[in-house]
Structures are given as structure tokens and as C-alpha cells.
Protein chains: 2
Amino acid sequence: MDGEALWLESLKATRRQQGASALHERLAESVRRSIEAGLLASGDALPGARRLAEQVGVHRHTIAAMYRLLAEQELIELIPRSVPRVSIERSTVERLRASRPRDARYRLRAQRDSLVRLGHFDSDAEGKTLVSLSDGIPDPREIPSAQIARAIRRAMRSRSAADLLSYRDPRGETSLRQQIAALLRERRSVPADPSRICMTQGSQQAIYLAAQTVLSPGDVVAVERLGYQPAFEALRCAGVRLKPYPIDERGLQVERLEQDAEKIRAVYLTPHHHFPTTVSLSQKRRAHLLSLARKHRWLILEDDYDHELHYEGPPILPLASGDGGAHVLYIGSFSKVLAPGLRVGYLCGAKNVIDRVATRRRVVDRQGNPIIEAALAEWLEEGGLRRHLTRAKRLGLERRDATSLALRECLPWLRFRIPSGGMTIWAEAGKRAPELQEAAARAGYRLRTSAEFSIDGRERGGVRFGFARHRPSEIARALRRISIEIR
Amino acid sequence: MDGEALWLESLKATRRQQGASALHERLAESVRRSIEAGLLASGDALPGARRLAEQVGVHRHTIAAMYRLLAEQELIELIPRSVPRVSIERSTVERLRASRPRDARYRLRAQRDSLVRLGHFDSDAEGKTLVSLSDGIPDPREIPSAQIARAIRRAMRSRSAADLLSYRDPRGETSLRQQIAALLRERRSVPADPSRICMTQGSQQAIYLAAQTVLSPGDVVAVERLGYQPAFEALRCAGVRLKPYPIDERGLQVERLEQDAEKIRAVYLTPHHHFPTTVSLSQKRRAHLLSLARKHRWLILEDDYDHELHYEGPPILPLASGDGGAHVLYIGSFSKVLAPGLRVGYLCGAKNVIDRVATRRRVVDRQGNPIIEAALAEWLEEGGLRRHLTRAKRLGLERRDATSLALRECLPWLRFRIPSGGMTIWAEAGKRAPELQEAAARAGYRLRTSAEFSIDGRERGGVRFGFARHRPSEIARALRRISIEIR
């Protein structure tokens, strides 16, 4: 109400003032300023022309002309038989701001806002805006959104559009499960078929549902000492106890699990590109882990979140490929390889386990989104993934190498090995890690260190550099600024 | 592998046979039969022309011609620089089947398949296919899928398409929360703002997340004795104990809760159109419930799943409208009013509760689908809901009245009152309920009775008739058939 009064007050004040331009233009300018100042928000209703004319004390034709002008500027929407409504895209406001050269501060803020929207910024504890340099996610500018839009259009155009808007199989669209089963069989040697797959909202829900389905309160779950905190949290929701084990350059030290063999109920791990250190679990340890799982009836939750993004030779076959679904519940996702916002992940395992997962999913959120699932199936079927991977891998390789070079040049004292896959470089900064993190913050960047990935908070010294999200020039600039701050 | 061998065998056999038509046509016919018989499924790879020509023993131009013909018939897809793939819409197979008048059995099955796809069928315990007559869901044929497709297209076309495919606020798109807040304020008098709303995957996830966030194991939750089983299950996932209370023609008997006031921690109810009996909670009981909640610090989970679908006068204001978020966690959904497959529901409550819900959602499945959310916001903003409701309410009213008439005509001994809203009629069949259910099954229909909605399985006698999902003529036909069976 306060806001409403203020914009109206401001409008009335404008009427009383003299000005060079026509009255309706000056009134429109006043409303625009109110919108920019946040006094009016998108969706807010404005009075009808007649009523507002009375309130402001002008002819209603003036208000009508003002409304038309605002509608032309895409600031309000005129709806037949209804009152006008504020209707702005943030980009519209930014454009208007940017078009006023006399106010550089506005432009700067608009630019920054646009970067925040792109997810390039993060905030520190004091609310200072920082560019995140540690995320292992795709560059939003490189997501093939036009292809995805086309696939959605096609899926919706098909005769089954009404079906796609109804209640469906909680395991997900059959067409998508068929495509993923084929993908798993052909590219990862996982003996999959549609009845052994349940779609999930990204890998996050896959981990959550798996834990809810196959684990019980009190179960001990072995995990890598460093990992993805939301995954740990999803596991903890099932009431289990997480027991961390060390990792080295060959991945999880499987032999260390043997001593606790009888206590352990399940193992959750990221064996392909370990999160966050990027190391791959060695073949010997893979075989050892599978044999331990068979012997002690462990469940293995294999999180293979970015399988295809492997730059040195073909990807390593998952644990699930050597298992047949008896002990491994396999987690895949399209968040890294395509787009996080699609919210498409999946679980692949024994049919009876998948049926139980589906039963649980029915209670948790009923089912996924059939439109998105059908569209992704279309995209996979017409070879979209193959085409996209060619480009994504080229980009990833280019950015990995550029980032490695920039790291060597700007922070030569960091120790790191070039990862064979994934979207990040893991560097050892030793005791200087906090100093590096602080220098980055001063330079305007957010770096994450081991402490944030550690299950017990005791790990130190590691620093994560994400190379996929930014252009090489952007990363080089960031590292140069950080190197100046740390001197 | 067996399937593959069989279709190839069949192809070879065809080559050896004489025929009136050209060889490539006969070979194509053989592949088509294999697809129809399920020996080849959509997505299956076929050998390249050269290789298959060798296997079958014909010239590769013949195979190439066969593949072109199959592609024209939309049975396979020819992909440049790749092998051909079986690529069929079920509708294509049906069309081909239907175009063969000599085989009526095929046509019948195709018709039935298409109805199963539309969700008009259900199966009984023995796997016999039954048309579901009890669901309170929209008719898939009446879902405005073209409008939804257009809204998605617009959302994807905007500059923010790449953003929509990234990680986003777990509470959901701001634009959608703004629209819903406005809707709740303007149409339901709920004092909502975007910070008090968290989007969910339908109301199912809303109930699940609410329970996970505000309830603790051992809590006693009062529920209506008859209700939606998946809601009960979602509550039980939080480890709570459900305590059922009776309902009458004025809704939940609130006074009965008072005696257990100290034990009760929360109340879950559907006060607008009670599920499944359709009664509305009286104003007096609403006031009583709110005062009890204030006095005993109960949480009220108000599930208002189909608010707008009210035919007699304006909808009744939710409990949340008289509360301000202190005690009521309000659950809304677009599943009934628009389309179940969108998977869009929401929770509205106190800001601190909503923040906790969002924290939980981050762990459960990270966030909803930003594309769908942005599209729904577009649709709401351009007045889609208002337009759609005009039509949906007209249809609902028409079908409610037609179904009431048909029930009176065909099953005059049933007692029921015409509901003031919703998508179903609740009838009392007394001891004849099982008999009615069995007669319906013999006629090919599935009817649900109290037993299936009862928390303790002790309720009997009620039967649910869904009127929104089918056309009046379809319902009349169904009821006539059932009435013949029950005589």
C-alpha cells in the first residue's frame, strides 16, 4: 500500500510540474521511475484509465495515452476487459537504464544484475557479490537452449500432448527410459532396459530416493572423505550414519573399507571423476570393491554425474557395467552434460529395487515432468546428445587447458594435476588455501576449499577451480587479479 | 538378440518367397510386421544398408529402397552418418493397423490402446482392463495443451532461456511466485507474497515437504477419516501417527479434536471440497478450528487442491485467509484446475517456515523445473487462467449435472447430494457398495468405494463417481451398462 501511494504521489507531483515534453510522456516517465525504484512490481494492477485520471486530475485520454506509451515500452500490459498491469522483464528495465548514458552507475548495476542472473555471481557472508570460480557446471551461454526448445515443441505438437499433461508412470516416460537404456547399454556397457530405470529430478533426487528406498535408519554408509555436501545431506535424511574413508590419486582407498566390512551396509561414491578431486577409481580398486560388495552384501550407490565429459580416451566403464544390477544402484544425470535446469536424472538398478524406488517416488512427488521427459527423449533419439557432446567436449578440453596454463602462470606455487575429465581442476594450496580464498574474495571471486567439501571439516589445503562455466579469457582475468591480491 | 534374429529370419524368408509387388516393398512389409509384432522396438538400431544387403542376400540398392519406403511410412528414421533406427509413434502403428479393414480385431485393440493412453482405462487385480469412473481429474482432451505449448515457447524464446536451464532458487521462479501471490491475495484473500511461497512438484510434494519440515517422528496428526491415501502416506513418511476423526455434512467434526487437544500437533485436511466426500467445512467449524489451533499451537496443513472449481457461488475463502500464516500451511496445485502433468503445486506459509521448506527441497530434489514454472507464470500473466476457468467451470457444471441425472435414472436407489464444487459425486450405496463395484467391473468399469479412501479400512458404503474426466455421453453409457449388470 505504501508503494502504491508513493507512485501515485509521484505521478501527481509530475502533473503539477512544468516540462518540455507532452504531459502523457512525463507521466509515463514518472511511472517508469516508480517501476525502476521498485515501488511498482511486475504483476501489480494499475487503476483503470478513468479512475486514475480522476485521482491524478487529468483527462482520461491523457492517462490512456500514457498507458499506451508504457505498453509500447513493454513496462505494462494492457489486457482487454481488465485493468493494466505492470509487466516487466528485468532485461527491459536494464535496457532502459543502459540507454541513459548520463547515468553510468545504472549501467554498471544492470550489467552486474545480468551476470547474477546468469549465475556468474555468488555472495560472501557479508553479502558482497562475488563471481563464483569453483562451480563444476556448464556455461549457461553454451547450453543448447534452442535445440531444447525445439524438442519441447515437437513433443508438445505430437498427438500425445494431452497425455503428457496427465498423470503418468512414476518411473517416467517410456520413450525416455528406452533412450537412456540404449545409451547405457551402448555407451557404458550397463545392462539396462526400461524396466530397470526410474527417472528422477536430477541426481539429487536420485540419491535421495535411493537412500529412502534401500537404506534404513542406523545403517552405516561408507563415503569418500571429500564429497558433495547435498549428497551427504540426502543420505543423512534416511537416518544413516556416514563413515568417511580417505581418497588418494587412485580414488577411494577401498582396502580401508575391508576392516569395517561387517558394519558397512552401503557405499556411496563418485568413481569416475571423484567430486571434488577429479581422480578416477583405479581398475584394481573397482574389482576389489565389487568383490567386497558381493561378499558382504553391500549396496553400492554409484554416482556417475558427468560420465561423457572425459577428455583423455573413452570414459571408464561404470561399476554397474560389471555387476548386472545385483549390488550397484547407478545414478546418472543430464545436469552436467546438458543443462541443470532440465531436472533430469535417473536411477538404474535391479528391477525389484527400481519398482520400490517408483513406489517411493509416487509418495514423494508422484512423477517427473512428462513434457520435459518426452522432449529429452526426442532430442536423444534425433542424435542431439552426440552432436552436443562433440561441442561440449571440445569446449571443455579447451577451457581445461587454458585454465591449467593460466593457473601455472598466475599461481605457479599451486600443485595440481590436469584432470582427465569433468569440469574442474583440484589444486593443492597447502597452508596457503585460506590466504588464497581471501585474496580471491578481495578480487571479487569466490573460491571453495576442502573445508567446504569435507564430511568432518578436517580436510584443508585443496582448492577447486571450475573451468567449464567461464570463458578462458574470463578465467585468465580472474586469476591475474587474484595473483595481484595474494602478493 | 532373439528378437533381432527373428526379424532378420523373417526378412530372409520374405526374400525367398515369390510375390506380386516389388522386392523392396515386400521386404519393407516384413519389417513392418516385425515392428507390429514387437520384434523390433522404437529406438532399435538396424544394420547399415550394405551390411543388411549382405545378410539378406540382395543388392544394397534394394535395401536402401526398402529403408526409404519404411522412412516414408514413418516406421524408421534415416540419420545421416549413422545407422537407421526404428522410430515409431504408437499412433503410426495404429494407423497402419486401422487401415487394414480385413482385420477388425486389430482396429479394436488400437482403439482401446489409444484410450489406455488417454488414461481412460485402469486395470483390476486380474489385469483386466477397466475404464476408471472414479477419478477426480481433468479430461485430458480438455487440457489447453496448445496454450501451454505457446507459453513454454514464449518462456524459452525470452532472453532468459539459458538461465531457465541453470540451477535456480529452490523456492521456484520469482515470476511464478509473484503471480501466485497475486492470485492468492486477489482471489482467495490469503496475505501472500513471493517470499512466503515455495513451489513444489504438485500438491503431493507439497504435503511431503510440509510433513518433512514441520513434523517430527511421533507427532500426532489429526486427519479426516476418509481421505487421499497418497497424502496419508506422505505424512507417514515423516514418522508421524495419523489419528482419524469423523466427517459429516459440515465437514470434519472439529469439536471431536478438542478432547485430544494436548496430544495433537497438526491437522491435515481438505476443507473446501473434502476428499472424497466433497463436503465443505462449515464457517462455524472453520472459526473453531482456527481458535483451537491458536490456543493449542497446532499446525494446520490446509490442502486446497481444486479451489477455483466451485459451481455454486464464489469459492469459500481458505482457512489461511483468516490466519496470516501463523498456524496454517496452505497447499495449492494446478493439477486439477489445469493439468496434472505440469507438476506444479505450492506451499504458502510463514516466511521462516517457507525458508525451511526450501532448505529441505534443496536436499530432496534441488528445485522444480524453471521452464515449466516460467511458462506457467506467462500463462497466468496473460490471463490464461481466467479464460480457462470460464470454460473449465462451464464444462464441470455441465458434466456434474449430466452425471447427477444419469445416476438418478440408472441407479435411483443411490443417495447423493449434488456437490457445490470439485470433480466428483460421492454417493451412499450402503451395503450394496461391493455389489455395485462388482457390477461395474463386469461392465468394464472401475469404481472406488470408501474402503479405498479410509484410513483404517473400516468405512463402507460410499462410492465415488468422477464426472470431469469423461464426456456426459460416456458417463451415461457407463451407468446404463452398470445398471444392467446390477439387476
[X] portion near chain B, given a 4.5 angstrom heavy-atom threshold:
X        : value
A:Thr174 : neither
A:Ser82  : side chain
A:Glu186 : side chain
A:Ile207 : neither
A:Ala149 : both

Among [options], which residue has the highest count of heavy-atom pairs closer than 4.5 Å to chain A?
options                                : value
B:Arg343, B:Glu233, B:Gln229           : B:Arg343
B:Thr200, B:Val364, B:Ile371           : B:Val364
B:Pro340, B:Ser203, B:Ala211, B:Ala231 : B:Pro340

Partner chain B: residue of A:Arg153, A:Arg85, A:Gln367 with the largest heavy-atom pair count (under 4.5 Å): A:Gln367
Among A:Glu382, A:Glu142, A:Glu77, A:Arg236, residue most engaged with chain B (heavy-atom pairs, under 4.5 Å): A:Glu77
Pair listing, salt bridge (Lys or Arg N to Asp or Glu O under 4.0 Å) test, anchored in residues 359-368 of chain A, at least two apart: A:Arg361-A:Asp365
Can you measure from [atom1] ([X]) to [atom2] ([Y]) and round to the nearest 0.5 angstrom?
X        : Y        : atom1 : atom2 : result
B:Leu165 : A:Leu338 : CG    : CG    : 7.5 Å
B:Ser145 : A:Leu164 : OG    : CG    : 9.0 Å
B:Met156 : A:Ile152 : CE    : CD1   : 4.5 Å

Residue pair A:Gln212 / B:Cys237, side-chain heavy-atom distance below 4.5 Å: no
Neighbour count >12 (heavy atoms, 6.0 Å) for atom CZ, A:Arg387: yes
Residue pair B:Asn369 / A:Leu342: nearest heavy atoms and the distance that separates them: ND2-O, 3.1 Å
Counterpart residues, side-chain contact (heavy atoms from CB on, under 4.5 Å), relative to A:Gln179 (two or more places apart): A:Ala377, A:Leu380, A:Glu381
